[in-house]
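We're numbering straight along the sequence, starting at 1.
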Amino acid sequence: MFVNTSNRENRAEHRLLEHLKERLGPEALENGQMPTWSALRQASLAMSVECDAEDQSQIERLTKIIENKANQYLNKPNKKPLDIKRCELLAQCLAYGQNTSYGTGLYTLTAPTGSGKTISSIAFALKHAHTNNLQRIIYVIPYTSIIDQTVSQFEEIFGTDAVLPHYSEAPYQLKDESDMDETDLKRVLAAENWNTPIVVTTAVQFFESLYSNKTSRCRKLHNIANSVIVFDEAQTLPVPYLRPCIRAITELVERYGSTAVLCTATQPELQPLFDKSFNSGSVQIPEISPFTNDDRDSFRRVTIKRIGDVALDALADQLGNHEQVLCVVNTRKKAQYLYDRLAQDDAEGSFCLTTLQCAADRQRLLSGIRNRLDGGKTCRVVSTSLIEAGVDIDFPTAYREETGLDSIIQTAGRCNREGHHSASESMVYVFSTEGGCAPFLQQSIAAFRTTANSHSDLTADDAIRTYFKEILCLRDGNTASKLTGNDALDKYRILPLHRFDENMPFATIAKRFKLIDTPTVPVYIPLPDEGARLCKQLEHGDIDRTLFRKLGKYAVNVWPRHLEKLQSVGAILAVGRGKNDEEDCFILRDPDLYSSRLGLKLDDATADGIFV
C-alpha cells in the first residue's frame with residue numbers, strides 16, 4: 001500500500017536495515033556477494049544490541065515522564081481522603097516497578113473502581129520495564145467502546161508519537177492515504193508489527209494474533225516478547241476461550257521474557273488454571289495493590305440492594321420517580337420497551353443505549369447524557385451492558401437486572417462515581433423481571449444468586465472469589481465434573497490441537513480461535529451526512545478496507561432471523577460483496593425503522609413501511 005521512498009524511510013526498520021547493510025559492506029552486497037554466516041551473525045547481533053539500546057532509551061524517557069506526572073499527584077496539597085488512597089496505589093505501583101526483586105512474571109493489580117488503576121498500572125508497567133530491560137508496554141482492553149478514553153489519557157501524558165492505538169476504528173485507520181499526515185502514516189506502519197513503546201489494543205486483536213496463521217497478524221509476534229502486557233478488566237477474559245487465553249499468557253511469561261498484569265476491580269479466581277498451565281506447576285502471583293478490605297471500604301460509594309421480581313411496567317414507574325437514574329437490563333428489547341414508557345412522560349430527558357443503535361449515535365447520545373447530568377437536568381437512561389465497562393458517567397441511583405456479580409459491580413461503578421454523596425444514599429437496586437434472558441447469562445445469574453445468598457457484602461473480596469469459583473465451576477482447584485473436565489473453558493477444543501512439532505495444525509487452530517464468533521450480520525445505517533455518503537459508495541461498488549472501517553460506526557449487527565425478516569419485507573438493500581468476498585452487504589432502505597434515540601426497530605418491520 002505504501003511504497004514510495006519517503007514512506008519507506010518512516011519505518012524504523014528501514015534505518016536499521018541501512019545500518020546492517022553498512023556493517024556487511026554495501027559494495028559487496030550490491031555486487032551480489034553473499035556475506036559469510038559468521039559475518040551475518042556478528043552484524044545481526046551488533047544490530048540487536050543497538051535496537052535494544054534504542055528501546056531502552058525510549059522506555060527511560062517515558063518512565064521519567066510518568067514519574068513527573070506521578071509526583072504532581074503525590075505532592076498535591078490538601079488532598080481529600082479519596083485522593084490519599086489513590087496516591088497510595090500510585091506510590092505502591094511505582095515502588096514495585098523499580099524493585100529489582102520483582103522480575104518478569106505474572107502479577108495482579110486489584111483495585112476498586114475510581115482508584116486510578118489506569119494511571120497506576122501504566123506507572124508500574126513503565127517502571128518495571130525500565131528496571132527489567134523490557135522493550136514496550138502493551139495495554140489490552142476488552143471493548144472498543146472504552147479504548148478511546150485510555151488512548152486519550154496516554155497521548156496527553158506521553159505524546160502521540162509514543163502511543164499506538166491499534167483497533168479497527170482508530171482515527172488513522174479510517175483515513176484515506178491521501179488524507180494522512182506524518183503521524184497517521186507512522187501509525188499505519190507501526191501497526192503492522194507494533195514497533196512503538198506503548199501499544200493500546202483490544203483483547204480480540206491481541207489473542208487472535210497469537211493464535212493466527214496469517215502473516216499480517218504474525219508480524220507483530222516478536223515485539224510481544226520482552227514486553228509488559230497489562231490486561232485491563234481481566235474479568236472479561238471469555239470463558240469459552242479461557243484456557244487457551246491463559247495458556248497464551250503463560251507461554252509469554254514462561255518462555256518469552258514478558259510480564260503480564262491482570263488489572264481489574266473484580267479479580268477472577270484464575271490461580272488453579274495458571275497452576276495447571278505453567279510447566280513448573282504451582283505459581284506465585286504477587287498482588288501489586290496495597291489495599292486491604294478496610295482500604296477498599298474507603299472507596300465504597302454505593303449500597304447494593306436486591307429487590308426481587310419487578311414487572312417491567314412497575315419498573316418503568318419506579319424509574320420515573322427519579323430525576324436522574326441509570327437502569328441496565330439484559331436484552332435490547334427490554335431496554336426499548338422501558339425507554340418507550342419513560343419517553344411518554346419526558347422524551348427529552350429519556351435515553352436508550354443498545355447495540356441496535358450504531359456507534360455514531362451512541363457516542364452522540366452519551367455526550368448529551370453527560371451534559372444533562374452535569375447540568376442537573378432530568379436524565380433517565382435505560383441501557384444494555386454496553387455502558388458498564390469504563391464509560392465515564394455518574395448517576396446518583398442505578399438499577400441492574402440480575403446478571404453476573406462482576407457486571408453488577410461494573411454498573412455500580414456508574415453510580416456516585418465522583419463520591420459526591422454517601423454510600424448509604426447512593427443505591428444500586430438489583431432486580432429480576434419477566435422476559436427471560438439469553439442462555440449464556442444463565443450460569444452467571446445462577447452464580448450470582450448463590451453468592452448473594454451467602455454474602456451480605458457483594459463487593460467484598462471473599463464474595464468476588466466465591467462468585468468466580470461458581471462461574472468457572474472451580475472446586476478445590478479442579479473443574480467441576482458437570483462440565484466434563486475443562487471443556488467449558490476450552491469450548492472449541494483448541495489446546496488438544498497444540499503440538500510442538502511440524503504437524504501442528506495452525507490453520508485449524510486459527511479457525512477455531514475466534515473471540516467474536518457470532519452469526520450476526522451488519523446492516524449499515526445511511527445517517528446524514530457521512531453515513532449516507534459512505535452507503536452510496538458501498539452501493540456503487542467502490543469498496544476497500546478503509547470504507548468498511550469508516551462504515552463500522554454506522555453498523556447495527558442483527559441476527560440471521562432478524563435479517564431474514566428485514567429482507568422479506570424489502571427493508572434492506574443487498575449490495576456488492578462483503579469484505580471477504582463471501583457475503584452480501586446490507587444497507588437499511590426504510591428510514592422509519594431506525595431512530596437515533598431508539599435504534600433499529602426490528603419488531604416494526606412490515607411491508608407497509610417500505611418505500612421505493
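Between Glu323 and Lys377 no salt bridge is recorded (no basic side-chain N to carboxylate O distance below 4.0 Å). Ion pairing between Arg512 and Asp490 fails under the 4.0 Å rule for side-chain N and carboxylate O. Looking at Arg364 and Asp361, a side-chain N of the basic residue comes within less than 4.0 Å of a carboxylate O on the acidic one, giving a salt bridge. In this structure, Asp394 does not pair ionically with Arg414, as no charged nitrogen and carboxylate oxygen lie closer than 4.0 Å. A salt bridge does not link Glu564 with Arg561: none of the charged nitrogens is closer than 4.0 Å to a carboxylate oxygen. Checked for salt-bridge contact, Arg341 and Asp317 meet the test: a charged N lies under 4.0 Å from a carboxylate O. Using a 4.0 Å cut-off between a side-chain N of Lys or Arg and a carboxylate O of Asp or Glu, Asp83 and Lys80 do not qualify as a salt bridge.
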Next on the checklist: Val556 vs Thr355, test: side-chain contact (heavy atoms from CB on, under 4.5 Å). Steps then yes/no.
Outcome noted: CA-CA 7 Å; Val556 173; Thr355 53; over 6 Å; no

Next on the checklist: Walk me through whether Tyr241 and Lys491 qualify under side-chain contact (heavy atoms from CB on, under 4.5 Å).
Outcome noted: CA-CA 7 Å; Tyr241 297 91; Lys491 183 177 179 180; over 6 Å; no

Checklist entry - Yes or no on side chain to side chain donor-acceptor pair (under 3.5 Å) for Gln363 and Ser367, after CA distance, side-chain angles and deciding distance? => result CA-CA 6 Å; Gln363 292 168 3; Ser367 177; over 6 Å; no

Next on the checklist: side chain to side chain donor-acceptor pair (under 3.5 Å) for Asp275 and Gln271? Distances and angles first, verdict last.
Outcome noted: CA-CA 6 Å; Asp275 285 345; Gln271 178 80 53; 2.9 Å; yes

Checklist entry - Given the rule in the side chain to side chain donor-acceptor pair (under 3.5 Å) test, do Arg400 and Asn330 qualify, once you have shown the distances and angles that lead to the verdict? => result CA-CA 9 Å; Arg400 182 56 167 101; Asn330 292 334; 2.8 Å; yes

Next on the checklist: One pair to check against ring-ring contact (aromatic ring centres under 6.0 Å, His included): Phe206 and Tyr167. What are the steps and the verdict?
Outcome noted: CA-CA 10 Å; Phe206 182 83; Tyr167 59 106; over 10 Å; no

Next on the checklist: Does Tyr139 form a ring-ring contact (aromatic ring centres under 6.0 Å, His included) with Phe231? I'd like the steps, not just the answer.
Outcome noted: CA-CA 6 Å; Tyr139 214 90; Phe231 295 95; 9.7 Å; no

Next on the checklist: For a side-chain contact (heavy atoms from CB on, under 4.5 Å) check, start with the C-alpha distance between Leu109 and Cys93, then their side-chain angles and the critical distance, and finish with the verdict.
Outcome noted: CA-CA 9 Å; Leu109 175 54; Cys93 286; 4.1 Å; yes

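Between the CZ atom of Arg243 and the CG atom of Leu273 there is a distance of 8.0 Å, given to the nearest 0.5 Å. Separating the CD1 atom in Ile84 from the CG atom in Leu89 is a distance of 14.5 Å, to the nearest 0.5 Å. In this structure, SG on Cys245 lies 5.5 Å from CG on Leu515, to the nearest 0.5 angstrom. Between the OG1 atom of Thr411 and the CG atom of Asp406 there is a distance of 10.0 Å, given to the nearest 0.5 Å.
No donor-acceptor contact under 3.5 angstrom links the side chains of Thr378 and Arg372, judged on distance only. A donor and an acceptor atom, one from each side chain of Thr110 and Glu287, are located under 3.5 Å apart. Side-chain contact annotation: Gln205 with Ser209, donor-acceptor N/O pair under 3.5 Å present.
Using a 4.5 Å cut-off on side-chain heavy atoms (C-beta onward), Phe351 and Arg597 make contact. Contact annotation: the side chain of Val328 approaches that of Ile387 to within less than 4.5 Å [non-hydrogen atoms, C-beta and beyond]. No side-chain heavy atom of Val430 sits under 4.5 Å from any side-chain heavy atom of Lys305. For the pair Pro286/Thr108, no side-chain contact is recorded, criterion being any heavy-atom separation below 4.5 Å from C-beta on. Counting heavy atoms from C-beta outward, Ile408 and Leu458 have side chains that stay 4.5 Å or more apart. A heavy-atom distance below 4.5 Å is found between the side chains of Cys379 and Phe395. Counting heavy atoms from C-beta on, the side chains of Glu233 and Thr236 come closer than 4.5 Å. Using a 4.5 Å heavy-atom cutoff, the side chains of Ile141 and Thr201 are not in contact.
In this structure, the ring of Phe124 has its center less than 6.0 angstrom from the ring center of Tyr107. Taking the ring centroids of Tyr524 and Tyr554, they lie at or beyond the 6.0 Å cut-off. Taking the six-membered ring for Trp, Phe448 and Tyr467 have ring centres at least 6.0 Å apart.
For the side chain to side chain contact (heavy atoms under 4.5 Å, CB included) criterion with Gln235, the lone passing option out of Leu405, Ile464, Ile409, Thr264 is Thr264.
Annotation for Ile393 and Leu373: closest pair CG1-CD1, 3.7 Å, computed over non-hydrogen atoms.
Looking at Asn416, its side chain does come within 3.5 Å of a backbone N or O of His421 through a donor-acceptor pair. In this structure, the side chain of Ser121 engages the main chain of Thr118 through a donor-acceptor pair within 3.5 Å. Listed for the Ser258 side chain is a donor-acceptor partner under 3.5 Å among the backbone atoms of Ile224.
Dense packing is recorded around CD of Glu425, with more than 12 heavy atoms of other residues, nucleotides or ligands lying under 6.0 Å away. Surrounding CD of Glu434 are more than 12 heavy atoms belonging to other residues, nucleotides or ligands, all under 6.0 Å away.
The aromatic rings of Tyr399 and Tyr429 sit tilted, their planes meeting at an angle between 30° and 60°.
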